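All values reported here derive from a predicted model rather than from experimental measurement. Below, chain A is the first sequence line, B the second, and so on; all start at residue 1.
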Amino acid sequence: MLDLKTIREHTESVKEGIRSKGEDPARIDEILTLDEKRRQLVQHSESLKSRKNTVSADVAALKAKKEDATALIEDMRAVADEIKTIDTELARTEEMLRAVLLTIPNIPHPSVPIGRGPAENKVIAEWGDDTPTDSALRPHWELMEKLKIIDFARGTKITGAGFPVYVGKGARLERALINFFLDEAGRRGYTELLPPLMVNAASATGTGQLPDKEDQMYVVTRDEFYLVPTAEVPVTNFLRDEIIREKDLPVKFCAYTPCFRREAGSYGKDVRGLNRVHQFNKVELVRLVHPRHSYDDLEEMRGDAESLLRTLGLRYRVLLMCTGDLGFTQAKKYDLEVWSPGQQKWLEVSSISNFESFQARRLNIRFRPEGGKTEMVHTLNGSALALPRVMAALLERNQTPEGKVVVPAPLHRYTGFEIIG
RNA sequence: GGAGGGUUCGCCUAAUGGUAUGGCAGCAGUCUUGAAAACUGCCGUCCCGCAAGGGACGUGGGGGUUCAAGUCCCUCACCCUCCGCCA
């Protein structure tokens, strides 16, 4: 949610930002009209209330002296009615205003390249090298089937397509990666949370999944809960409606959760093996920071995620996403893509974003500067990392000609074995 | 799922339907070589304003009765106790 004051005072640049995301800025005018109306109603209502409060105090004083107050009370009856009418109109106006505001996307940071889609994202860094081309290089789905470490067929039987079962050393390797990622985040100062896997509507609205991304989440209708599509939702909501002391900033959280995604509308595209599944594991980083240096934090978080890929020895590249490829809530975003040698293509394993105050305003998370007025924090998050595609790349890159898989050395203490097969 | 009790500032606590009290903690200051103590001020949120200041809201959420609601009524959420069920 954007700041009304900003919309009011910098209307043109806000519109420009929305246009650069490929959306229609017309609703901004609608907001300005509603806001104007709202402010008039507030002013009118508050002045009547002020009068009412004064007179009510007079009534109390008269009654205390056992004197007659019926004339005042008669007057106030009409005023009370008028206030009720205005407040009803005000509530309606504010509701409409909020409804429109919730559909306005965040505006991009000036450093974000203008563009319409994936083709205009910029590759800004690459690390590692390709494995030697080998005609026998198998994609991960062949390896996992041969080694019996990930079972899609039985997952489909138990639940449905896209719900893999990790088996034996596969399960152990998955758990090793989770623990490795969490330990690294802990070393870098992130406090670990193990949050609920279902959230209520208020939480999903706070981080921007509702109202318009509802069809991407699994819904428990009976209790009105949503299965988390990412740990970002419960973790960022941890401090919802709270005011943080400035000296407690920055707040840094990491969390492992399974993530549940319906992936509606993506059937048939890149869904082979672990490329796209409905339930997967992920370790997420979240920061709540002082607005002054949130872009430094963004770079730091990118470093946090990159170091994991380096330690695992996986080839990857960093993309700076263009305006058209930014999500609804994001002001600036990097994607990390790992190289899949068995498929000969790049796979997204991390997305690191700065939301500035956009989420904080929805979530009402503020801090109090030394001796000043409360201010919205900036929120950031980043995957470090999403596991399935890391698993895919890791299996493919470390396979032997016989179809075994060598476990990277940094994981040995977590797996307890060095080779699969 | 059933019955009962509860929710007031970060914590504790007061308020015959008459406009939210006091303490602790915290922050700033006075005093002090320093600290403690003592004392003074600040100490829920928001809006308008450069400021001085002014105003509104605020007793778990929402609604109602009333000139006026922490207080009365309805409703929802959460917490506690007991019963039932249960890993």
Write down the distance separating the P atoms in B:U75 and B:G2, rounded off to the nearest Å.
14 Å

When the C1' atoms of B:G17 and B:G53 are compared, how many Å lie between them, rounded to an integer?
33 Å

Heavy-atom nearest nucleotide on RNA chain B taken for A:Arg245 and for A:Glu74; more 5' hit belongs to A:Arg245

Footprint ends on RNA chain B, 5' to 3', for atoms under 4.0 angstrom from a heavy atom of chain A, come out as B:G18 to B:A68

For this session: Output yes when a side-chain donor or acceptor of A:Thr159 lies under 3.5 Å from a complementary backbone atom of A:Thr156, and no otherwise.
Result: no

Sorted by chain and number, sequence neighbours left out, ring-ring contact (aromatic ring centres under 6.0 Å, His included) with A:Tyr166 holds for none

With P as the reference atom in both, quote the distance from B:G23 to B:C39 in angstrom, rounded to an integer. 11 Å

With sequence neighbours left out, the residues meeting ring-ring contact (aromatic ring centres under 6.0 Å, His included) with A:Phe253 are A:Phe238

What residues 50-60 of chain A contributes to the RNA chain B interface at heavy-atom separation below 4.0 Å is A:Ser50, A:Asn53, A:Ser56, A:Ala57, A:Val59, A:Ala60

Residues pairing under salt bridge (Lys or Arg N to Asp or Glu O under 4.0 Å) where one sits in residues 374-397 of chain A, two or more places apart or in two chains, turn out to be A:Asp129-A:Arg397

Within residues 89-100 of chain A, the residues having a heavy atom closer than 4.0 Å to RNA chain B are none

> When you compare B:G10 with B:G26, how far apart are their C1' atoms, in angstrom units rounded to a whole number?
Replying inline: 9 Å

With sequence neighbours left out, the residues meeting side chain to side chain contact (heavy atoms under 4.5 Å, CB included) with A:Glu418 are A:His412

Sorted by chain and number, sequence neighbours left out, ring-ring contact (aromatic ring centres under 6.0 Å, His included) with A:Phe367 holds for A:His290

query: Counting any heavy atom closer than 4.0 Å, what does A:Lys49 reach on the DNA or RNA strands: base, sugar-phosphate only, or nothing?
result: sugar-phosphate

(message) Applying a 4.0 Å non-hydrogen cut-off, can you work out what A:Arg366 is touching in the nucleic acid: base, sugar-phosphate, or nothing?
(response) sugar-phosphate

Residue pairs passing the side chain to side chain donor-acceptor pair (under 3.5 Å) test with at least one member in residues 167-181 of chain A, sequence neighbours excluded, are A:Glu174-A:Asn281

With sequence neighbours left out, the residues meeting ring-ring contact (aromatic ring centres under 6.0 Å, His included) with A:Phe358 are A:Phe328

Per the 3.5 Å Watson-Crick/G-U criterion and a run length of at least three, the stems involving RNA chain B are B:1-7 with B:77-83, B:10-12 with B:22-24, B:26-30 with B:38-42, B:44-48 with B:53-57, B:60-64 with B:72-76

Integer angstrom distance from the P of B:C24 to that of B:U71: 29 Å

Determine the Euclidean distance between corresponding C1' atoms of B:G55 and B:G60; express it in Å to zero decimal places. 26 Å

message = Distance check, P atoms only: B:C47 and B:C9, in whole angstrom units.
response = 22 Å

Worksheet entry | Salt-bridge present (A:Asp35, A:Arg39; N to O < 4.0 Å) | yes

Original post:
Roughly how far apart, to the nearest Å, are B:C79 and B:G61 at atom C1'?
Top reply: 15 Å

Contacts of A:Glu299 meeting salt bridge (charged side-chain N to carboxylate O under 4.0 Å, His left out) (sequence neighbours excluded), chain-then-number -> A:Arg302

On RNA chain B, more 5' by nearest nucleotide between A:Glu46 and A:Lys5 is A:Lys5

Review point. Base, sugar-phosphate alone, or nothing: which one does A:Ser45 contact when heavy atoms must sit under 4.0 Å apart?
Key: nothing

Taking atom types as modelled, find out whether A:Arg27 and A:Thr103 have a side-chain donor-acceptor pair closer than 3.5 angstrom. yes

- Query: Okay, side chain of A:Arg366, backbone of A:Ile244: is any donor-acceptor separation there less than 3.5 Å?
  - Reply: no

- Distance-only polar pair, side chains of A:Tyr295 and A:Glu356, donor-acceptor under 3.5 Å: yes

Rounding to 0.5 Å, atoms CD1 (A:Ile31) and CG (A:Leu2) come to a distance of 7.5 Å

